[in-house]
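As structure tokens, the structure follows; a few thoughts come after it.
Note that the structure is a prediction, hence the values are computed from the model and not measured. In this chain, residues are counted from 1 in sequence order.
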Amino acid sequence: MTSKSAFLDSAVAQYVQSAIAPEHHVLGELRAETSRYEQARMAIGPEQGRFMQLLAHAIGARRYLEIGVFTGSSSLAMALALPPDGYILACDISEEYTAVARRYWKAAGVEGKIDLRLGPALETLAKLDPQTQPPFDMSFIDADKENVVAYYERALELVRPGGLILVDNVLWGGAVADESDRDESTQALRAVTTAAAHDARVEASLLPICDGLLICWKKT
């Protein structure tokens, strides 16, 4: 299994992945198929999936918002963690990649929990009225990086007090620490981390798990 972390020694990364109980077999099968895609590193690592499942259990999550699906590793992990009446709103623009996700959601018996909406995520989110619909308990942002601050702001409106907003890839392979790197995605990821760090509405922490995970707890 290839490590998703650019920051851990490969042997340590393999130990981290193998030390805890193995992931659901369908997740492993999905990971194997996803590895054949050129963009395979867009999928979360197994250690991150387990951590996100733990967070969902810790806050009693039932409603989960995912912005960026790819082949479905994160949505599948979360669907397996949510209770039988759990609900996932999953946003993506790719029919090709989400077709893979749909097959594995079905194989794991969780497709009934997942409401996939294809189209630009900001347009999908704009149609959600926080005044009339139940709030989400947890949101995961792993889509185009240029819009990550806008996704963060919208997620804050849609997640309940006491809920969590997670932002993936905030270390961007270490590029965020290179002040000379002015790439648009790199700057956007720096911006969302800075915004969360100074946002009175949340408490934030950045963990060097996989490619960096920003965790924001919405204050009550």
Going by the rule salt bridge (Lys or Arg N to Asp or Glu O under 4.0 Å), which residues pair with Glu29 if we only count those two or more places apart in sequence or in a different chain? none

Taking atom types as modelled, find out whether Asp168 and Gln48 have a side-chain donor-acceptor pair closer than 3.5 angstrom. yes

Ring geometry between Phe136 and Tyr87 (parallel below 30°, tilted from 30 to 60°, perpendicular above 60°): parallel

For Thr220 versus Gly162, what's the shortest heavy-atom pair and its separation? CG2-N, 3.7 Å

Do Leu116 and Val26 share a hydrophobic cluster, counting only Ile, Leu, Val, Met, Phe, Trp and Tyr and linking them when any side-chain heavy atoms are less than 4.5 Å apart? yes

Basic-acidic side-chain contact under 4.0 Å: Lys218, Glu203: no

With heavy-atom distances below 4.5 Å as the criterion, would you say the side chains of Glu23 and Arg50 are in contact? yes

Can you give me the closest heavy-atom contact between Ala61 and Leu82, atom names plus distance? O-CD2, 3.3 Å

Under the side-chain contact (heavy atoms from CB on, under 4.5 Å) test against Val167, which residue among Val148, Ile67, Leu213 passes? Val148

In terms of heavy-atom contacts, does CG of Leu128 have more than 12 from other residues, nucleotides or ligands at under 6.0 Å? yes

Are there over 12 heavy-atom neighbours, none belonging to Leu122, within less than 6.0 Å of that residue's CG? yes

State, to 0.1 Å, how close Ala175 and Asp181 come at their nearest heavy-atom pair, and which atoms those are. CB-OD2, 3.4 Å

Would Asn169 and Asp142 count as a side-chain contact (heavy atoms from CB on, under 4.5 Å) if you check the C-alpha gap in whole Å, the side-chain angles of each, and the deciding distance to 0.1 Å? CA-CA 7 Å; Asn169 304 119; Asp142 189 16; 2.9 Å; yes

Heavy-atom distance under 4.5 Å between the side chains of Asp199 and Leu156, does that happen here? yes

So, using salt bridge (Lys or Arg N to Asp or Glu O under 4.0 Å) as the criterion, who are the partners of Arg160 when residues are at least two apart? Asp137

Would you call Glu33 and Arg103 a salt bridge, using N to O less than 4.0 angstrom? yes

Residue pair Ile114 / Ala90: nearest heavy atoms and the distance that separates them: CG2-CB, 4.1 Å

Is there a donor-acceptor pair under 3.5 Å between the side chain of Thr34 and the backbone N or O of Leu30? yes

Specify the closest pair of heavy atoms between Cys216 and Tyr152, including all atoms of both residues, with the distance to one decimal. SG-CE1, 3.9 Å

Heavy-atom distance under 4.5 Å between the side chains of Leu89 and Arg117, does that happen here? yes

Output for pair (Glu47 CD, Leu8 CG), nearest 0.5 Å, gives 8.0 Å

What's the separation between atom SG in Cys91 and atom OH in Tyr151, rounded to the nearest 0.5 Å? 8.5 Å

Sequence neighbours excluded, which residues qualify as ring pair (Phe, Tyr, Trp, His ring centres under 6.0 Å) partners of Tyr104? none

Calculate, to the nearest 0.5 Å, the distance between atoms CG and CG belonging to Leu206 and Leu214 respectively. 5.5 Å

I want to check something: taking the side chain as every heavy atom from C-beta on, are Ile165 and Trp217 in contact at a cut-off of under 4.5 Å? no

Evaluate side-chain hydrogen bond (donor to acceptor under 3.5 Å, both in side chains) for Trp105 paired with Ser75, printing each intermediate quantity in order. CA-CA 8 Å; Trp105 296 340; Ser75 47; 3.2 Å; yes

So, do Tyr37 and Met42 sit near enough that their side-chain heavy atoms are less than 4.5 Å apart? no

Do you reckon Leu125 sits in the same ILVMFWY cluster as Leu164, going by side-chain contacts under 4.5 Å, direct or chained? no

Euclidean distance, Ile88 CD1 relative to Glu111 CD, rounded to 0.5 Å: 12.0 Å

Main-chain N/O of Arg182 paired to Gln187 side chain as donor or acceptor, under 3.5 Å: yes

Below 4.5 Å, heavy atoms only, C-beta onward: do Glu66 and Ser74 meet side chain to side chain? yes

Following the transitive rule for hydrophobic clusters with a side-chain heavy-atom cut-off under 4.5 Å over Ile, Leu, Val, Met, Phe, Trp and Tyr, establish whether Leu27 and Tyr97 coincide in one cluster. yes

Please confirm whether the backbone N or O of Ala191 pairs with a side-chain atom of Thr194, one donor and one acceptor, at under 3.5 Å? no

Check for me, please, whether Leu76 and Met138 land in the same ILVMFWY cluster - side-chain distances under 4.5 Å, paths through other members count. yes

Between CD1 of Ile59 and NE2 of His57, what distance do you get to the nearest 0.5 Å? 11.0 Å

Between Tyr64 and Ser139, is any pair of side-chain heavy atoms under 4.5 Å apart? no

Taking Glu153 first and then Arg201, would you say they form a salt bridge - that is, a charged N and a carboxylate O separated by under 4.0 Å? yes

Should the pair Glu157-Arg154 be classified as a salt bridge under the 4.0 Å nitrogen-to-oxygen rule? yes

Considering all heavy atoms of both residues, which atom of Ile44 and which atom of Ser73 are nearest to each other, and what is their separation? CG1-CB, 4.2 Å

Distance col, row Leu65:CG vs Met78:CE, nearest 0.5 angstrom, shows 11.0 Å

Check the hydrophobic clustering (I, L, V, M, F, W, Y; side-chain heavy atoms under 4.5 Å; chains of links allowed) and say if Val170 and Leu55 are grouped together. no

Check: Lys219 side chain, Ala200 main-chain N or O, donor-acceptor pair, under 3.5 Å: yes

Considering only heavy atoms from C-beta outward, does the side chain of Arg63 approach that of Gln133 to under 4.5 Å? yes

Between Asp92 (side chain only) and Phe70 (backbone N and O only), is there a donor and an acceptor less than 3.5 Å apart? yes

